[in-house]
2 protein chains.
Amino acid sequence: MTFTQTLPLTDISRGVAYGQADAACSSPSARAAIAPERADSLARSLKALADPARLRIISIVAAHADAEACVCDLTDQLTLSQPTISHHLKVLVDAGFLTRVKRGTWSYYSMVPGSLESVAGVLAAV
Amino acid sequence: MTFTQTLPLTDISRGVAYGQADAACSSPSARAAIAPERADSLARSLKALADPARLRIISIVAAHADAEACVCDLTDQLTLSQPTISHHLKVLVDAGFLTRVKRGTWSYYSMVPGSLESVAGVLAAV
DNA sequence: TCCTTGGATTGACATTGGTCGATGCAATGT
DNA sequence: ACATTGCATCGACCAATGTCAATCCAAGGA
């Protein structure tokens, strides 16, 4: 899988308006549509989130008192193998939603503050 | 593809807290994580949105003055074949983001009001 | 009636994505 | 030094997804 870092999305400007087709079926465009590169970027972020296991991972991490969870927390609650969970964690880290810190034998994952809200905001504004 | 109707998401309640593992690496959970069914539902909605072409389609439809666009508007602006665009439109309709109305030879697509904001809201609350 | 046109459906294809078993690796305990 | 433990990586497999050419269908227009 090739989820590259996409956040933050806030520095991607809107594209210019496209030429308005004057076909019979068309009505005028009130504002500019999203720029293709911006659509690509947002789609990459949404793809990283669009999986039940990854949403649950994010929720479990965010629900922890210190917003930090180790892989063992996740293997307990998700009925998935450890390699699969590790894979999903990598996807979320690569997409910029989680960060990883290793202490001793354990890896701890935490939310990147505002990353989820940023995507939600961009999405609502599309 | 099998995107079933998932919106609105607001009637899906949160699940109960999971048993807290008392392993050495764990910290206490401050609140309940998302329920698996809720994660499935949200993931289906996000999957429908997680494509650059579909995001652009939504944006083009929403940008129209009357929030309505026909397929010819989309084939003009997207470098995709007509069957592909028709396919993406079906995904968005099935997921509850667009509605279709046919007048004469043309099909017009409009946004389902609040559908995008609903997903964005649920996402930010995960 | 026939032809044209807008758009949906079908079928096929290549690519991507989710999953797991096996393995590797670093840190800790004995 | 050796065994154990927690977790990442690799390789393989199958299911799901995005794309298009070909086709079909309905609505108008000649």
Side-chain angles (χ1 to χ4, degrees), chain A residues 1-4 21 23-27 36 39-40 43-57 61 68-95 98-110, chain B residues 1-4 21 23-27 36 39-40 43-57 61 68-95 98-110:
Chain A
M1 208 173 314
T2 59
F3 287 115
T4 55
C25 64
S26 288
S27 58
D40 285 351
R44 270 194 298 274
S45 293
L46 291 175
K47 253 189 237 286
L49 295 173
D51 181 275
R54 290 199 285 272
L55 288 174
R56 294 186 61 190
I57 287 175
V61 171
E68 200 176 53
C70 69
V71 180
C72 66
D73 290 327
L74 304 167
T75 50
D76 285 348
Q77 299 186 27
L78 305 175
T79 56
L80 289 172
S81 70
Q82 176 267 317
T84 298
I85 293 180
S86 204
H87 160 72
H88 286 308
L89 285 168
K90 177 172 171 47
V91 171
L92 290 172
V93 169
D94 288 349
L98 294 182
T99 56
R100 182 175 72 128
V101 54
K102 195 160 185 176
R103 284 200 298 271
T105 309
W106 292 278
S107 284
Y108 293 88
Y109 287 86
S110 354
Chain B
M1 207 173 316
T2 59
F3 288 114
T4 55
C25 65
S26 288
S27 58
D40 285 351
R44 270 194 298 275
S45 292
L46 292 175
K47 254 191 235 287
L49 295 173
D51 182 276
R54 289 199 285 272
L55 288 174
R56 294 185 62 190
I57 287 175
V61 171
E68 200 176 54
C70 70
V71 180
C72 67
D73 291 325
L74 303 167
T75 50
D76 285 347
Q77 299 187 26
L78 306 176
T79 55
L80 289 172
S81 70
Q82 176 266 319
T84 299
I85 292 180
S86 204
H87 160 72
H88 286 308
L89 285 168
K90 176 172 171 49
V91 171
L92 290 172
V93 169
D94 288 348
L98 295 182
T99 55
R100 182 174 72 126
V101 55
K102 194 159 186 177
R103 283 199 298 272
T105 309
W106 294 278
S107 285
Y108 293 87
Y109 287 86
S110 353

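Below, chain A is the first sequence line, B the second, and so on; all start at residue 1. Note that the structure is a prediction, hence the values are computed from the model and not measured.
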Point to revise | Exam field: side chain B/Asp73 to backbone B/Cys70, donor-acceptor pair closer than 3.5 Å | key: yes

Study note, to complete from the structure: Ranking B/Leu89 and A/Gly104 by the position along DNA chain C of their nearest nucleotide, the one closer to 5' is B/Leu89

Check your understanding: Starting at NZ of B/Lys102 and ending at P of D/dC25, how long is that distance when rounded to a whole Å?
Key -> 13 Å

Point to revise | Spacing between A/Ile85 atom CD1 and C/dT19 atom C1', to the nearest angstrom | key: 11 Å

Check your understanding: Can a side chain N or O of B/Arg54 be found less than 4.0 Å away from OP1 or OP2 on D/dG18?
Key -> yes

Exercise for review: Would you kindly give the NE2-to-C1' distance between B/His87 and C/dG6, to the nearest whole Å?
Suggested key: 19 Å

Revision key, fill the gap. Walking DNA chain C from its 5' end, the first of B/Ser86 and A/Ala53 to be reached, judged by nearest nucleotide, is B/Ser86

Check your understanding: Rounded to whole angstrom units, what separation is found between the CG atom of B/Asp51 and the P atom of C/dT16?
Key -> 13 Å

Practice item. May I ask you to evaluate whether A/Ser81 reaches the phosphate of C/dG21, defined as a side-chain N or O under 4.0 Å from OP1 or OP2? Key: no

Review point. Would you say D/dT19 has OP1 or OP2 under 4.0 Å from some side-chain N or O of B/Thr84?
Key: no

Exercise for review: With the side chain counted from C-beta on, respond yes when A/Leu89 and A/Leu74 share a heavy-atom pair under 4.5 Å apart, and no when they do not.
Suggested key: yes

Study note, to complete from the structure: Rounded to whole Å, the NZ-C1' distance (B/Lys90 to C/dG7) equals 14 Å

Point to revise | d(CG, A/Leu49; P, C/dG18) in whole Å | key: 12 Å

Practice item. Can you tell me the distance, in whole Å, between the CD atom of A/Gln82 and the C1' atom of D/dT9? Key: 10 Å

**Study point:** Options D/dT19, D/dC20, D/dG6, nucleotide nearest the side-chain atoms of B/His88
**Key:** D/dT19

Practice item. Please answer whether the main-chain N or O of A/Lys90 pairs with a side-chain N or O of A/Arg100 as donor and acceptor at a distance below 3.5 Å. Key: no

Check your understanding: Is A/Thr105 near enough to C/dA26 that one of its side-chain N or O atoms lies under 4.0 angstrom from OP1 or OP2?
Key -> no

Point to revise | Heavy-atom pair with the smallest gap, counting every atom of A/Ala48 and A/Ala95 | key: CB-CB, 3.5 Å

Exercise for review: Could you pull out the closest heavy-atom pair between B/Ala53 and B/Leu78, with the gap in Å?
Suggested key: O-CD1, 4.4 Å

Practice item. Identify which nucleotide among D/dC7, C/dA22, D/dT19 has an atom closest to any side-chain atom of A/Pro83, counting heavy atoms from C-beta outward. Key: C/dA22

Exercise for review: May I ask you to evaluate whether A/Tyr109 reaches the phosphate of D/dG6, defined as a side-chain N or O under 4.0 Å from OP1 or OP2?
Suggested key: no

Exercise for review: Take the protein atom CZ of B/Arg103 and the nucleotide atom C1' of D/dA26, then report the distance between them rounded to whole Å.
Suggested key: 17 Å

